[in-house]
Chemist: 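Handing you this structure, nothing more for now.
What you see is a predicted model, and the numbers here were worked out from it, not measured in a lab.
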Amino acid sequence: MTLWFVFALMTVAAIFAVLWPLGRTSRAQDQGSEVAVYKDQLAEIERDLAAGLILAPEAEAARVEVSRRLLAAAASEPATAPKSNLKWRRAAAVLALAGLPLIAAGVYMPLGSPRLQDFPLAQRERGGGMAQSLENLVVQVEQHLEKNPTDGRGWNVLAPVLERLGRFDDAVRAYRNSLTYNGESAERRSDLGEAISAAAGGVVTAEAKAEFERAHALNADDPKANYFLGLAAEQDGRKDDAANIWRALLAKAPADAPWRALVQSSLARVGGGGTLPALSDETIAASKDMAETDRNAMVRGMVDRLATRLKQNGDDVEGWLRLVRAYLVMGERDKAMGASADARQAVASNAERLRQLNEGLKTLGIGG
């Protein structure tokens with residue numbers, strides 16, 4: 001309340017400083033003019049004559065000279081505008097003094113009422129979609145590209161957004177334009193192939209496969225191209241070829257690759273050919289020259305040791321996921337389900353680990 005009183009006082013002071021001159025007469029201005037000076041001199045001559053300070057002839061001569069100067073000064077001053085009525089000026093000042101705060105309050109109440117709720121920055125950023133949604137931004141970019149169809153950077157930005165919005169046909173066209181105006185690259189070819197597959201409901205069509213093969217020719221290690229080429233092999237019924245493609249992809253993948261779990265679950269889906277995602281890359285390479293029975297025995301031993309370790313330390317979410325994947329690869333789904341139940345029980349007291357575990361199990365096709 002004190003703050004509002006200070007604001008009101010400052011407003012009144014400012015208005016008073018501006019309107020105060022309106023309420024004053026123009027006496028000072030009149031006293032400063034030449035005409036007023038000569039009139040005072042005439043009055044002074046009359047006073048001196050009455051007091052006997054000057055003789056009558058001298059007074060007459062002085063009176064004539066001052067009168068001449070008075071006439072000249074009156075003729076030389078510009079005509080002034082009629083004086084405004086002091087009463088009206090003071091009324092206007094009072095009206096402004098009272099009316100301006102009322103007008104300000106009338107404008108403030110609907111637009112800045114203190115009763116309105118706060119609108120924090122984070123909420124404004126999240127609520128930006130109300131004024132300009134993602135679709136509106138896409139429309140603006142599309143309008144820009146209609147006028148500037150050779151803007152390769154614009155097509156490069158627009159294409160993945162269209163794909164996320166589910167506008168797959170438009171995304172395919174945008175990726176093609178990106179290739180046209182930005183040039184060839186493995187990433188753009190594989191992105192185009194992915195959009196074509198999405199438009200076909202997830203099926204790697206012949207057209208999409210051709211794009212992935214072009215991407216592979218440009219970069220044999222492109223992960224997206226290799227994954228979808230493996231998916232194409234799986235959809236064609238060539239599960240062994242799909243497993244070989246995905247194994248090679250995993251052998252070169254960084255340990256923290258975000259798509260690693262997806263490839264591992266896909267490999268588990270096609271059987272994996274006896275080579276487990278739970279094994280290290282070095283172990284996989286060393287096992288290639290072993291006999292099949294020896295390799296299977298080695299794999300079984302590693303899985304059993306992993307299971308034993310997890311019984312002693314059940315907080316290792318990644319270890320549980322590797323164990324479940326191993327059982328799935330070996331075709332032992334019952335053991336995979338049992339391991340998933342044990343894993344949930346082991347991490348039940350930690351909400352974050354339980355969330356990570358459930359997400360990983362869902363990727364492997366084990367829910368519930």
Side-chain angles (χ1 to χ4, degrees), residues 134 138 141-142 144-146 148-254 256-273 275 277 281 284 329 363-365:
L134 179 60
V138 169
V141 175
E142 288 176 326
H144 165 76
L145 290 172
E146 286 180 2
N148 305 275
T150 61
D151 182 3
R153 183 180 178 184
W155 290 114
N156 209 38
V157 171
L158 179 63
V161 177
L162 292 173
E163 189 172 3
R164 284 195 293 270
L165 291 174
R167 296 172 53 183
F168 300 120
D169 292 334
D170 293 334
V172 169
R173 182 175 66 89
Y175 278 125
R176 292 192 188 281
N177 286 331
S178 178
L179 277 163
T180 300
Y181 299 115
N182 291 307
E184 287 278 344
S185 76
E187 182 180 1
R188 294 190 186 100
R189 284 293 177 187
S190 59
D191 286 342
L192 174 58
E194 183 181 22
I196 295 173
S197 298
V203 177
V204 183
T205 63
E207 183 183 10
K209 184 179 178 182
E211 296 299 335
F212 293 126
E213 289 173 342
R214 292 189 183 101
H216 186 271
L218 292 170
N219 179 12
D221 295 330
D222 183 72
K224 184 178 292 186
N226 282 290
Y227 171 76
F228 277 97
L229 287 173
L231 187 60
E234 181 190 8
Q235 291 176 354
D236 290 342
R238 297 181 288 109
K239 293 188 176 182
D240 289 340
D241 291 341
N244 290 331
I245 293 173
W246 288 332
R247 279 196 218 103
L249 179 58
L250 286 173
K252 298 179 181 179
D256 58 348
W259 42 263
R260 189 179 183 94
L262 173 63
V263 179
Q264 288 173 338
S265 64
S266 300
L267 184 58
R269 186 174 62 244
V270 298
T275 303
D281 296 340
I284 292 174
V329 169
T363 302
L364 294 174

Chemist: Does any part of the side chain of H216, heavy atoms only, come nearer than 4.5 Å to the side chain of D222, both counted from C-beta?
Modeler: no

Chemist: Under a 3.5 Å cutoff, is there a donor and acceptor pairing between the side chains of N156 and R153?
Modeler: no

Chemist: Please find the pair of heavy atoms, one from L231 and one from R269, that lie closest to each other, and give the distance.
Modeler: CD1-NH2, 4.1 Å

Chemist: Testing R188, R189, E213 for side chain to side chain contact (heavy atoms under 4.5 Å, CB included) with L218, which one passes?
Modeler: R189

Chemist: Roughly how far apart are N226 CG and D221 CG, rounded to 0.5 Å?
Modeler: 7.0 Å

Chemist: Please output the side-chain donor-acceptor pairs of residues 191-204 that fall under 3.5 Å, not counting sequence neighbours, one pair per line with the distance.
Modeler:
residue : atom : partner : partner atom : Å
D191    : OD1  : K224    : NZ           : 2.6
E194    : OE1  : K224    : NZ           : 2.7
S197    : OG   : G193    : O            : 3.1

Chemist: Looking only at heavy atoms, which two atoms of E234 and A242 are closest? And how far apart?
Modeler: N-CB, 3.8 Å

Chemist: How about V263 and Y227: do any of their side-chain heavy atoms sit closer than 4.5 Å?
Modeler: yes

Chemist: Minimum heavy-atom separation for A215 to S190, with atom names?
Modeler: CB-N, 3.8 Å

Chemist: Can you tell if the side chain of V141 reaches within under 4.5 Å of the side chain of V157, non-hydrogen atoms only?
Modeler: no

Chemist: In Å and rounded to the nearest 0.5 Å, what is the CD to CH2 distance from Q264 to W259?
Modeler: 9.5 Å

Chemist: Counting only heavy atoms from other residues, nucleotides and ligands, does the tally under 6.0 Å from CD of E142 exceed 12?
Modeler: yes

Chemist: Can E211 and Y175 be counted as having a side-chain donor-acceptor contact under 3.5 angstrom?
Modeler: no

Chemist: Are L158 and L145 close enough, and set up right, to give a side chain to side chain contact (heavy atoms under 4.5 Å, CB included), and what steps lead you there?
Modeler: CA-CA 10 Å; L158 179 63; L145 290 172; 3.6 Å; yes

Chemist: Could you give the distance from CG (L250) to OG (S266), rounded to the nearest 0.5 Å?
Modeler: 9.0 Å

Chemist: So how far is it from L229 CG to D241 CG, rounded to the nearest 0.5 Å?
Modeler: 11.0 Å

Chemist: Is any side-chain heavy atom of R176 closer than 4.5 Å to a side-chain heavy atom of W155?
Modeler: no

Chemist: Can you check whether W246 reaches V270 side chain to side chain, under 4.5 Å on heavy atoms?
Modeler: yes

Chemist: Taking all non-hydrogen atoms of both residues into account, name the closest pair between N182 and G152 and its distance.
Modeler: ND2-O, 2.8 Å

